[in-house]
Amino acid sequence: MKKRIKKYFGNYTDRVIALSVVSVVINLVSAIAKLIMGIDLMSIWYIVNAVYYVTLVAARIASVSAYYRVRRALDENEREKIEERFYRRSGLFIFMLAAVYLWLCVYMFTRQHAVVAEGNGVYIVVFIVLYKLVFSVYGLYMVSRLNDRITETLKTISVTDAGVSLITALVTVLNLFDETAAVKTGAALGIVISLAFMATGTVMTVTRTRNYRKKQEQKDTV
């Protein structure tokens, strides 16, 4: 079975990249739709959501672009430089995603306003979030064994997206019982999660930059 999957869909990295391209298209459509709705309804909620999806699209495009630049590079040193440069900046993508969502959560908390699904839409939202969580965590586990920095970044971005999407699911479910409590609780938890991801992104960038400089110093001394 594994041989057939690899034959028709390539290795795990190829499948991750292919799915990322599909995600870029879906996220871009979502961003445009939410931006149009935000402008039409004069809704900050939809506009900030659109900004979040645009940031997500930019992060994934940068990752996919780096992957193909690495594949086209003929020299091993050039491939390594592209990967190192991208890997050191990957924490910035996490920070930016979390920062935009922090903005949205603060808006939710101060205005006590959120647009959530109702009726059968609740089940759809919960299913999508669970799907994101399970497959993003599984994907992160898989790429940790591949030692592929670009694919690892893509999966880390997916985990971040799943983490913030969890807040949407929480607010949606709690909204069935108490709308005011749902928004406040979801926003407060979202602020905590956003700050945690921002800290994670900062640590990733600083740590990887420090490790890169150490490698360069070691090369210079040899």
Note: Thr110 and Tyr107 closest approach over all heavy atoms is OG1-O, 3.3 Å

Are Leu102 and Val48 grouped together when hydrophobic residues (ILVMFWY) are joined by side-chain heavy atoms under 4.5 angstrom apart?
no

Using a 4.5 Å cut-off between side-chain heavy atoms of Ile, Leu, Val, Met, Phe, Trp and Tyr, which other residues end up in the same hydrophobic cluster as Val24?
Leu28, Ile32, Ile36, Val57, Ile61

Mark yes or no for whether Ser43, through its side chain, and Ile39, through its backbone, hold a donor-acceptor pair below 3.5 Å.
no

Report the distance from atom CD1 of Ile82 to atom OG of Ser65, rounding to the nearest 0.5 Å.
9.0 Å

Counting N and O atoms only, with roles assigned by atom type, does the side chain of Tyr101 sit under 3.5 Å from a partner on the main chain of Val164, one being a donor and the other an acceptor?
yes

Distance (rounded to the nearest 0.5 Å) between Met204 CE and Thr156 OG1
5.0 Å

Is there a side-chain contact between Thr205 and Phe95, using heavy atoms and a 4.5 Å cut-off?
no

Do you know which two heavy atoms are closest between Ala98 and Met198, and how far apart they sit?
CB-CG, 3.4 Å

Measuring from atom CG of Leu56 to atom OG of Ser23, what distance do you get when rounded to the nearest 0.5 angstrom?
8.0 Å

May I ask whether Met108 and Leu195 are part of the same hydrophobic cluster, defined by side-chain heavy atoms of I, L, V, M, F, W, Y residues being less than 4.5 angstrom apart, directly or through others?
no

d(Ser63 OG, Ile157 CD1) to nearest 0.5 Å is 4.0 Å

Using every non-hydrogen atom in the two residues, find where Tyr53 and Lys34 come nearest and quote the distance to one decimal.
CE1-CE, 3.4 Å

Kindly write out the residues that satisfy salt bridge (Lys or Arg N to Asp or Glu O under 4.0 Å) with Arg89, not counting sequence neighbours, or none if the list is empty.
none

Val51, Met37: one ILVMFWY side-chain cluster at the under-4.5 Å cut-off?
yes

To the nearest 0.5 Å, atom CG of Leu35 lies from atom CG of Asn49 at 11.0 Å

Check whether any side-chain heavy atom of Tyr68 lies under 4.5 Å from a side-chain heavy atom of Ile17, and answer yes or no.
yes

Tyr52-Asp161 side chain donor-acceptor pair, cut-off 3.5 Å
yes

Enter the distance from Leu166:CG to Leu130:CG here, rounded to the nearest 0.5 Å.
8.5 Å

Any link between Val54 and Ile44 through a network of hydrophobic side chains (Ile, Leu, Val, Met, Phe, Trp, Tyr) touching at under 4.5 Å?
no

Restricting to non-hydrogen atoms, name the atom on Ser194 and the atom on Cys105 that form the minimum distance, rounded to 0.1 Å.
OG-SG, 4.4 Å

Could you pull out the closest heavy-atom pair between Gly186 and Val171, with the gap in Å?
CA-CG2, 3.6 Å

Considering all heavy atoms of both residues, which atom of Ile94 and which atom of Gly201 are nearest to each other, and what is their separation?
CB-CA, 4.0 Å

For the hydrophobic clusters of this structure (ILVMFWY residues joined by side-chain heavy atoms under 4.5 Å, transitively), does one cluster hold both Tyr46 and Trp103?
yes

